[in-house]
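Here the structure is a predicted model, which means the values were calculated and not measured. The chains referred to below are lettered A, B, ... by the order of the sequence lines, with proteins before strands, and numbering in each begins at 1.
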Amino acid sequence: MKTSNETQNILLIGTSDFAVPIFESIANDQRFYIVGVITQPDKPAGRKKELKESPVKEWSKTKSILPLQPESLKDGSIDEQVKKMNADVALVVAYGKLIPDDLLNMPKFGTANVHPSLLPEYRGPAPIQYAILKGNHKTGTSVMLIDEQMDHGPLLTQMEYKLSGNETYQELSDTLSRLSANIVPEALSLYINGTLKPVEQNHNKATFTKMITSNDGSLFWEKDAVSLGRRIRALNPEPGTYCMIDGKRLKIKHARNIGRDGKPGEYFEHEGSLAVQCGGDALVLDEVQPEGKKWITGEQYLNGYGLPK
RNA sequence: CGCGGGGUAGAGCAGUUGGCAGCUCGGGAGGCCCAUAACCUCCAGGUCGUCGGUUCGAGUCCGACCCCCGCAA
């Protein structure tokens with residue numbers, strides 16, 4: 001077994017923004033040497049379908065690393081290349097594709113994963129959003145070893161984070177990413193030198209999340225303003241929340257809860273801004289975006305469009 | 001050639017069959033009031049995205065281009 005002052009060869013596997021600060025902290029840590037990066041292929045994105053590189057790919061280029069971008073890991077197309085990397089450990093963060101067992105087991109010490117929840121709570125694809133949606137007072141991030149089941153492997157370490165009740169998905173994601181970046185190198189290092197023993201999760205307490213889609217962004221004003229407010233924050237900025245006015249979509253970026261009774265779905269003016277009555281309390285819509293338009297304030301909306309019927 | 005909306009005053013919008021360019025905010029001046037972010041009066045401010053075409057006349061019709069955005073991926 002290697003000692004802690006030896007440099008470990010590490011393979012980084014990830015795609016989204018969430019992974020970048022974590023990978024950066026690995027890159028800046030003398031205990032690790034990055035032998036390779038795997039990220040998703042460039043994909044057509046946006047209206048013009050221009051190929052877009054993943055945030056991890058952009059990051060890796062700043063480190064002069066050319067990432068592998070296989071369409072699939074299951075066909076074994078990159079197995080040989082990965083084997084040659086001679087990785088001691090692999091770290092998966094927000095990769096977005098299934099990684100087959102033989103690849104997971106290729107590194108001597110296996111493959112670790114960062115999951116932004118207090119596992120076994122919120123396994124699955126949307127842990128950050130769920131923490132906000134459910135109105136939790138705390139969440140956190142977990143570092144674990146990947147096993148054969150989704151977010152099921154033994155834990156290396158966790159860190160709690162207290163929620164203010166005002167954070168958006170984007171903000172919480174950034175925060176948990178930075179928190180993770182602080183603890184991942186140490187946890188991996190202690191695990192590799194044998195100081196840190198993986199602890200099995202309490203599987204009886206496991207809860208699961210489902211992928212958030214744009215359909216989840218539809219707001220029903222019959223619901224209470226508190227849960228609607230959570231939804232608006234949990235889906236901000238992606239995929240975003242919206243309601244329909246006059247057959248057109250109105251996206252809602254930011255809303256404020258005010259105490260008020262009335263008929264749900266009724267729009268009214270509140271201190272010059274657009275507001276809507278909900279099932280319990282009401283929401284002031286501070287920042288909205290009419291279909292095909294730019295983001296505007298609720299006040300600008302009223303000036304231009306007037307009060308919806 | 002994925003579908004679609006839009007570029008008009010500092011901001012957000014309207015502009016009907018082509019015929020003097022408007023609304024709500026904001027800005028300025030004045031007034032009312034014990035006072036006000038409230039109310040009243042008046043004022044300023046627009047090469048109507050760009051280029052070309054049709055026409056006596058184009059924000060409006062035709063063509064090309066630039067930019068912004070929603071959906072879908």
Side-chain angles (χ1 to χ4, degrees), chain A residues 13-20 38-58 67-75 94-98 124-126 128-129 133 168-171 173 209-221 228-229 231-260 265-277 282-309:
Chain A
I13 305 174
T15 300
S16 73
D17 287 312
F18 184 85
V20 171
I38 299 177
T39 191
Q40 290 217 22
D42 299 352
K43 287 183 174 174
R47 271 174 291 271
K48 292 169 187 168
K49 289 178 138 184
E50 288 166 341
L51 283 182
K52 190 164 174 25
E53 300 182 341
S54 79
V56 165
K57 181 176 181 181
E58 289 182 17
L68 298 176
Q69 299 181 276
E71 271 302 331
S72 168
L73 296 176
K74 286 184 284 190
D75 57 12
Y95 176 54
K97 279 183 186 293
L98 191 78
I128 302 174
Q129 294 94 322
L133 270 179
T168 63
Y169 163 65
Q170 178 80 67
E171 291 162 358
S173 177
T209 65
K210 279 186 280 197
M211 183 84 81
I212 303 277
T213 71
S214 57
N215 290 334
D216 296 314
S218 184
L219 297 174
F220 298 97
W221 301 131
L228 287 168
R231 180 165 293 267
I232 290 167
R233 287 185 290 113
L235 275 62
N236 176 340
E238 291 297 329
T241 47
Y242 62 90
C243 61
M244 300 302 285
I245 290 180
D246 211 21
K248 289 186 178 177
R249 189 180 290 234
L250 182 71
K251 296 185 86 171
I252 316 290
K253 183 185 278 185
H254 182 258
R256 249 178 316 131
N257 196 324
I258 55 170
R260 185 178 186 273
E266 192 175 54
Y267 293 94
F268 61 96
E269 184 194 323
H270 178 78
E271 291 172 357
S273 186
L274 177 64
V276 62
Q277 180 64 47
L283 287 173
V284 180
L285 309 180
D286 288 313
E287 207 173 351
V288 301
Q289 183 182 36
E291 195 172 307
K293 297 293 195 172
K294 296 180 180 178
W295 285 102
I296 57 177
T297 64
E299 193 174 336
Q300 289 174 324
Y301 183 92
L302 279 187
N303 282 337
Y305 298 87
L307 207 53
K309 61 146 182 55

Note, His254(A) side chain near Asn236(A) side chain (heavy atom, < 4.5 Å): no

Interface limits on RNA chain B, where chain A has a heavy atom under 4.0 Å of a nucleotide atom: rG2(B) to rA73(B)

Return the nucleotide paired to rA64(B): Watson-Crick means purine N1 to pyrimidine N3 with N6-O4 or O6-N4, wobble means G-U with N1-O2 and O6-N3, both under 3.5 Å. rU50(B)

Counting only Watson-Crick or G-U wobble pairs whose two distances fall under 3.5 Å, which nucleotide matches rC39(B)? rG31(B)

With rounding to the closest Å, how many angstrom separate the C1' atoms on rU50(B) and rA14(B)? 24 Å

Classify Gly46(A) by what it touches in the nucleic acid, base, sugar-phosphate, or nothing, heavy-atom distance under 4.0 Å. base

Residue set satisfying ring-ring contact (aromatic ring centres under 6.0 Å, His included) with Phe18(A), at least two apart, ordered chain then number -> none

Atom pair CD/CD1 of Gln170(A) and Ile128(A) - distance to nearest 0.5 Å: 9.5 Å

Closest-nucleotide ordering on RNA chain B, the 5'-leading residue of Glu299(A) and Asn215(A): Glu299(A)

Should the heavy atoms of other residues, nucleotides or ligands under 6.0 Å from CG of Asp75(A) be counted, would the total exceed 12? yes

Using the P atom as the point on both nucleotides, what is the distance between rG52(B) and rG10(B), in whole Å? 24 Å

Should rC71(B) form a Watson-Crick or G-U wobble pair with both distances under 3.5 Å, which nucleotide is its partner? rG2(B)

In whole angstrom, give me the gap between the P atoms of rC32(B) and rC40(B). 16 Å

Rounded to the nearest 0.5 angstrom, the CD-NZ distance for Gln300(A) and Lys294(A) is 11.0 Å

Enter the distance from Leu307(A):CG to Leu302(A):CG here, rounded to the nearest 0.5 Å. 6.0 Å

Looking across every strand, which nucleic acid part, if any, lies under 4.0 Å from Ser214(A) by heavy atom: base, sugar-phosphate, or nothing? sugar-phosphate

Roughly how far, to the nearest 0.5 Å, is the CZ atom of Arg260(A) from the NE2 atom of His270(A)? 9.5 Å

With rounding to the closest Å, how many angstrom separate the P atoms on rC61(B) and rG5(B)? 14 Å

P-based separation of rU16(B) from rC20(B) [nearest Å]: 12 Å

Gap in Å between the two C1' atoms, one belonging to rA21(B) and one to rA58(B), rounded: 13 Å

Under 4.0 Å, heavy atoms only, any strand: does Lys248(A) hit a base, just the sugar-phosphate, or nothing? nothing

Base paired to rG26(B) (Watson-Crick or G-U; both N/O distances under 3.5 angstrom): none

Work out how far the C1' atom of rU24(B) is from that of rU8(B), and round it to whole angstrom. 15 Å

Pairwise C1' distance for rG26(B) and rA9(B), with rounding to whole Å: 11 Å

